[in-house]
Structures are given as C-alpha cells and as structure tokens.
Amino acid sequence: MAHIIFIDSNESGIAAIACAKAMGHQVTFVKSRDYAFFQDTPETRAVLNDVDFIIEVPVTSDQELVYTALAPHVELYPADVGISQCDGAIETSAVVFERLGIPSTPSTGVKLARHKDLSRQALADAGLANAQFRLVNSIEDALKAADEIGYPVVVKPPSGLDSIQVSVANDPIMLAQAAQSVLDAGKSKPRQLREIFERGVLVEEVLRGKIVSVEIGLRNQRAFRFMCSGRFNTDIDECIPMGVTMPEKLADDERERCFEYAENVCRALGLTLGVFHIELMITPHRGPILIEANARLMGGVMPSVYKKITGEKIEAWMINIFLGVNLDKPLPIPNSVAMVRRVIARKESNIQENFNISDIDNIVQDSIHNVVNYNMYADVRVKEHELLGRFITVADSHEKAFELAELNLNIIEHKLGIELVHTAIP
C-alpha cells in the first residue's frame, strides 16, 4: 500500500481518488476551503468520506499556505507520490511536492505547460512544429502582434481553464475587445483563480485542420500511448468544445505521427512523470501542431468514456505510472466508439414545466449512457450558453456513433423544450 497525496481536484481527479482507495492505497486530500473545482454531490461526498486524511486550506493556489499545512502531515505520514488533477492548483502542487521531496510531475514541466507562451518557446527551442505567438500586456501590443502574425488570430490567457476567455479575432476591433476582456478577466475571478488570469494576453496564429487530444503517459524514458481522441466544436463559436470522440478516426500513420509529436512535446517541456492530455491540430501541410499541453490526466467525463470503451480505468494506469508498478501488461484497446455531447442552452429560456430527467435515460435504443445533469430540471430558467449537462453515445462505428449522438441531442432538445447549441459539422 502506498500513501498518495492529492492536492485539490477536478471531477476526474475525484474519480482518481476513488480509484486509489479501491486499489488499497492510503490517500491524503488537500482541499480549498473557499473554492471548489468539483461539484458537491452525494457521489463526491462519498468518495471524500473514504479518504484517510483531509487537509483544508483557504486556497490551494497559495504555495506557502499549502506547504505550511502539508509539511507536518508528511513528517508523520511520509508520502510515496503526489498528484494534482486541478489546473488551478497544479503549479503550486508541483513546487510543494518538490520542496517536500515527494515524487511527482517535475515543477519545471508543469510551469512550462501551464504558461502557453513558455510552451511555445520550448517547442521552438526543440525544433518542433509550432504556431506563431506573442505574449503581450496591452491592447497596443496585441494589435502590433496581430499585424505581425496576420489575421485572424486566437486571443486567450497564457494560462487558463476550460477555454474561458478564448476567442478568434478577425480584425483590429474584435482583437481590441478580446484583449481587453482577457486583461480584465482576473479582476472578476475568485482568489483561487486570480493570479493565473493575470499573466497577460497570448496572441496566436489560427491553426486549421483536425483537433485531436493525445493521452500519453511517461515515466522517465518510457512512453505509454493510451488514446487519440477527436473533438467537435459548437456551431456558435469555434473555440467552444461541443464534445469528443474516443477514439478519433485516424489512419495508422496519422495516429503514429500524433503520438510521436505528443511524446516529443512532453519531453521538450520536461513532463517526464505522469499521464498528460496534449491537444493538437493536425494541419494539412505541417502535420500535428500543439494547441495546448495539460500536465494532468484528461478531465471531465473522458476518463469514464475511456473505461466504457476499453474496460479499464486510466486513473489506475496513471497511479501505477507514478508509483512505477504493474507497467508490463498490454495497454487497453478500445472495443467500440464513444461520442460525448454537451447540452448547452442557445439562449436564455425556460425548460418545460413537465420535463423529467428520466425522460432522457436510455433513449434511442439504449445508445445513450452516463447522462450528467448540471441544470436540466423542470421549469428552470437557464442562461444563454449555459452548460446544462453531458451525455455519452456508444456504437460500433464512428459513423453510427455520430448519427446517434446527433439524434440523441435533437431528442433532448425536444424534451427540454428549449433551443440548444448544436455541433459544428466539419
């Protein structure tokens, strides 16, 4: 039995904690008192009630607060490995683990991954395919950067969460508005998130092609190639994800290029221990190019989708990679195709007063699975572009899975009685 320390968590991190306990490990969880990256549900509470130790601090983004709270605990209960699945705390976690001598993902790699401008520079230094970029701190410099790169450009925080404040600017007016929005973002964020949204504005070349995320593990010189997943965007904004496909439909040589490039990205950044979520654009003429590197396991419902189509928990693989145990068995192979769709309100409106969440369970010949409900309730007033829930559609081919996913979304739209955002068809 190992002692594993988790510092804060997103939804998939809660599943990783549950997995660690199911594997028989001792778990310490360091949580924020003032801000949660996961929903307070009966299921989450059950997982945390099973944790061996919970240490609470005001915010998990403050290095000294976390270190001061954790140091005496580690003296009493030495830890074998440290893990963070939370973008808002992952930089702090990596540094704290190093200060305490706890094996974890190297802090230098985490910092390079979390600062997208530093990621881009590291790729340039390594000679890897890359997008043009500029980090700026004013609208004037953003306009100059866009002129140098050429419109359209992507405007976003150099560190962020879930595509917040990411947009495409087609002209100077749009760019000025987008840059100002990023510059102002930190002012409205809670303390836990404020610092990561106050790092300037990243202006990047717009990449065109097919978006793919690569799930890849590394332990020193050994790589574990888990999955290449695809992504669909919404029909309202190309920067807002609508859902994912696992696995993506790729030719063997194309998949190999994605894995090879993702591994090279990890090594260039110094991500040498852990399982990482690397987002790429497969461009027609330049091959795979990094969108962003995440120094953690894939988030949201993706780990549960992975288990559904492979029969194995990627969280268990992650834990064993960190611990260096049970790594010689064959990697899981998908036996079906899954598509995740977000349920997003197109405009402010009221859900039908006779709606019942059970109405969307097991629709369309039992092809819909794992409905996650955030705000799908009878007669509820929902906001424009509010995320109301997610669902998974599973089939034996990419074509059938796509057809059923879209059909399921249409049925849910009808049952809710409101207009939903739909999938942008490539």
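E292 and S119 share no side-chain donor-acceptor pair at under 3.5 Å. Side-chain contact, T393 with R341: no donor N or O sits under 3.5 Å from an acceptor N or O. Counting only N and O atoms by type, the side chains of N10 and S12 include a donor and acceptor under 3.5 Å apart.
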Applying side chain to side chain contact (heavy atoms under 4.5 Å, CB included), run through D62 and T92 and close with a yes or a no. CA-CA 7 Å; D62 188 304; T92 288; over 6 Å; no
Is there a side chain to side chain contact (heavy atoms under 4.5 Å, CB included) between F97 and I5 once you walk through the steps? CA-CA 9 Å; F97 288 140; I5 297 179; 3.9 Å; yes
Before you tell me yes or no, could you show the steps for I216 and C266 under side chain to side chain contact (heavy atoms under 4.5 Å, CB included), namely the whole-Å CA-CA distance, both residues' side-chain angles and the distance that decides it to 0.1 Å? CA-CA 9 Å; I216 187 166; C266 289; 3.9 Å; yes
Side chain to side chain contact (heavy atoms under 4.5 Å, CB included) for H25 and H3? Distances and angles first, verdict last. CA-CA 6 Å; H25 298 304; H3 177 202; over 6 Å; no
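R346 has its side chain out of reach of L420: every pair of non-hydrogen atoms, C-beta onward, lies at least 4.5 Å apart. Residues D253 and R257 form a side-chain contact, since some pair of their non-hydrogen atoms from C-beta on lies under 4.5 Å apart. Side-chain contact between M281 and I211 is present, with at least one heavy-atom pair separated by less than 4.5 Å. Residues Y261 and L290 meet the side-chain proximity criterion, which asks for heavy atoms closer than 4.5 Å. Two residues are said to be in side-chain contact when any heavy atoms from C-beta on lie closer than 4.5 Å; F38 and D8 meet this criterion. In this structure the side chain of V337 never reaches within 4.5 angstrom of the side chain of E399, judged on heavy atoms. Residues I14 and E43 form no side-chain contact, since every pair of their non-hydrogen atoms from C-beta on lies 4.5 Å or further apart. Taking 4.5 Å as the limit, every side-chain heavy atom of N350 sits out of range of all side-chain heavy atoms of I418.
The backbone N or O of A46 lies less than 3.5 Å from no partner atom in the side chain of D50, so there is not a single donor-acceptor pair. N375 places no side-chain N or O within donor-acceptor distance of the main-chain N or O of L388, the cut-off being under 3.5 Å. At distances below 3.5 Å, at least one donor-acceptor pair connects side-chain atoms of T105 with backbone N or O atoms of L273. Checking side-chain atoms of T60 against main-chain N and O of S32 turns up no donor-acceptor pair under 3.5 Å. Checking side-chain atoms of T44 against main-chain N and O of Q39 turns up a donor-acceptor pair under 3.5 Å. With hydrogens and angles disregarded, no donor-acceptor distance shorter than 3.5 Å links the side chain of T234 to the backbone of T423. Remark: side-chain polar atoms of E98 are paired, donor with acceptor, to backbone N or O of S107 under 3.5 angstrom. In this structure a side-chain-to-backbone donor-acceptor pair under 3.5 Å is present from S84 to I7. Without hydrogens or angle criteria, R114 side chain to S159 main chain gives no donor-acceptor distance under 3.5 Å.
Separating the CG atom in L48 from the CD1 atom in I17 is a distance of 6.0 Å, to the nearest 0.5 Å. Note that OG1 of T41 is 8.5 Å distant from CD of E11, once rounded to the nearest 0.5 Å. A distance of 7.5 Å separates CD1 in I291 from NZ in K156, rounded to the nearest 0.5 Å. The distance from atom NE2 of H414 to atom CG of L416, rounded to the nearest 0.5 Å, is 10.5 Å. Here the CG-CG distance, from N264 to L269, works out to 10.5 Å after rounding to the nearest 0.5 Å. From L183, atom CG reaches atom CZ of R199 across 15.0 Å, with rounding to the nearest 0.5 Å.
Cation-pi geometry between R342 and Y374 is not met: the NZ or CZ atom fails to fall both under 6.0 Å from the ring centre and inside 45° of the normal.
The residues E256 and R225 are annotated as salt-bridged, a charged nitrogen and a carboxylate oxygen being separated by less than 4.0 angstrom. The pair R99-E64 meets the salt-bridge criterion, since a charged nitrogen lies less than 4.0 angstrom from a carboxylate oxygen. Between R120 and D117 there is no salt bridge, since no side-chain nitrogen of the basic residue lies less than 4.0 Å from a carboxylate oxygen of the acidic one. The residues R33 and E56 are annotated as not salt-bridged, no charged nitrogen and carboxylate oxygen being separated by less than 4.0 angstrom. In this structure, E312 pairs ionically with K329, as a charged nitrogen and a carboxylate oxygen lie closer than 4.0 Å.
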Hey, can you pull the donor-acceptor pairs under 3.5 Å for the side chains in residues 297-309, sequence neighbours left out?
residue, atom, partner, partner atom, Å
S304, OG, V301, O, 2.6
K308, NZ, N370, OD1, 3.4

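Considering every non-hydrogen atom in both P106 and T272, the closest pair reads CG-OG1, 3.5 Å. Minimum heavy-atom separation, I83 to S104: N-OG, 4.4 Å. For the pair T310 and P332, the tightest heavy-atom approach, listed with the atom from each and the gap, is CB-CB, 3.7 Å. Closest heavy-atom contact between A69 and V57: CB-CG1, 3.6 Å. Closest heavy-atom contact between V214 and C228: CG2-SG, 4.0 Å. Pairing each heavy atom of V110 with each of L271, the nearest pair is N-CD2, 3.9 Å.
Partners of F133 according to the ring pair (Phe, Tyr, Trp, His ring centres under 6.0 Å) rule, which considers only residues two or more places apart in sequence or in another chain, do not exist here. Listed by chain and residue number, Q165 satisfy the side chain to side chain contact (heavy atoms under 4.5 Å, CB included) test with S181 (two or more places apart in sequence, or in another chain). With sequence neighbours left out, L118 forms a side chain to side chain contact (heavy atoms under 4.5 Å, CB included) with K111, L112, H115. Judged as a side chain to side chain contact (heavy atoms under 4.5 Å, CB included), and not counting sequence neighbours, the contacts of N373 are I357, M376, Y377. Looking at residues two or more places apart in sequence or on another chain, you find no ring pair (Phe, Tyr, Trp, His ring centres under 6.0 Å) involving F276.
A parallel orientation is assigned to the rings of F224 and F226, their planes being inclined by less than 30° (bins at 30° and 60°).
Applying side chain to side chain donor-acceptor pair (under 3.5 Å) to K347 and the options E384, E386, E419 leaves one that passes, E419. Screening E248, K249, R231 for a side-chain contact (heavy atoms from CB on, under 4.5 Å) with K210, the sole residue that qualifies is E248.
Counting heavy atoms of neighbouring residues, nucleotides and ligands inside a 6.0 Å radius, atom CD1 of I333 does not exceed 12 of them.
In this structure, Y77 has its ring center closer than 6.0 angstrom to the ring center of H73.
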